[in-house]
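Quick notes on the structure that follows.
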Amino acid sequence: MNQGSRTNYETRRTTPIFVREVSPVVNDQAFYDLRWASGSITTEREWNRITATIRAIPPDCHSILDVGTGNGLLANELAGTGKSVTAVDISEVALSKVRGPTLLRSADNLEGVADRSYDLVLCTEMLEHLEHATYVGALREFNRVARRAILITVPNRELMREHMGLCGHCGSRFHIWGHRRRFTQDDLETLFPSFATAWVSAFGDQLPKYNWPLLWMRTAIAKAWFIDERSPCPECHSFAPAAPKYPSLARLCDLLNSNLPKRRREPWLMALYRVR
Ligand SMILES: [Zn+2]
């Protein structure tokens, strides 16, 4: 890492545009071990995301470092296309699902991975999970270890409140998938000092957003938050959600919401960066 790129990151740290953190997750490793141990459901939408990601990989990239491999689906699928893939995650449970080579690391410390040693650093649906210091460190590491390109996907302008849960055990409020930041297309324009942005685009079948006033009423008044039964509370690791205070008001909000015209949006953003 040369002094120039370090200076870039220090400057960027003070810019507010792409960072809007929500609840802190106390122990990431424990959270994701529990999260991946409780299984994952692969929807048709997820498969479409994986297929679109594989299609976007530049043909001159043969060795790939998949950072934050999660359920390993993409790494396993990619290995089948003849690419050489190494999967990185902080969760051993996640890595146990990967068939190829793996590396147990945090994204901000890819110790043992040499500078410019992989054609492509791939990072899908992971950056939104990181708290600030880890996020900045991960970008620095991607910039260091990628030789030709970096490809990332993140949720597109996520409505965070639509995915917030309330723990029935300790009462903490948390994002049910552990997201801590939301991204817009602009946030992805300049992330890596040694790489130029080739393109940024929204993709996936459009998803409806919950009507905002009704969402506020459902959560702030009815105290009915959201649930993913495969995600534990990051504070106390309980899987039990809090019961809604006014369930019939929450049901009314859901009913009204389902009958209103809704804003629709592609669920993901994808960005490709090429070495300068
Ligand atoms: Zn809790």
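Computed over heavy atoms, backbone and side chain alike; hydrogens, waters and symmetry mates excluded. One is the number of the first residue; the rest follow in order along the sequence. First listed ligand is number 1; within each ligand, the first listed atom is number 1.
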- prompt: Is NZ or CZ of Arg218 both nearer than 6.0 Å to the six-membered ring centre of Phe226 and within 45° of the ring axis?
  reply: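 Yes, Arg218 lies over the aromatic ring of Phe226.
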
- request: Would you please classify the geometry between the His129 ring and the Tyr32 ring as parallel, tilted or perpendicular, with 30° and 60° separating the classes?
  value: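 Perpendicular, since the angle between the ring planes exceeds 60°.
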
task: Give a rough value, rounded to 10 degrees, for the angle at the Zn ion (ligand 1) between atoms SG of Cys236 and SG of Cys233.
output: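 Angle SG(Cys236)-the Zn ion (ligand 1)-SG(Cys233): 110°, rounded to 10°.
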
query: Which angle, to 10 degrees, forms at the Zn ion (ligand 1) with SG of Cys167 on one side and SG of Cys170 on the other?
result: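 That angle works out to 110° after rounding to 10°.
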
field: Arg161 and Thr219 side chains, donor-acceptor separation under 3.5 Å
entry: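 Checked: Thr219/Arg161 side chains pair up, N/O donor to acceptor below 3.5 Å.
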
- request: Output yes if His169 passes the N/O/S-under-2.8 Å test against the Zn ion (ligand 1); output no otherwise.
  value: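 For His169, the answer is no, given that no N, O or S atom comes within less than 2.8 Å of the Zn ion (ligand 1).
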
message: For Trp177 and Asp228: C-alpha separation, side-chain torsions, deciding distance, then whether side-chain hydrogen bond (donor to acceptor under 3.5 Å, both in side chains) applies.
response: CA-CA 8 Å; Trp177 304 319; Asp228 180 336; 2.8 Å; yes

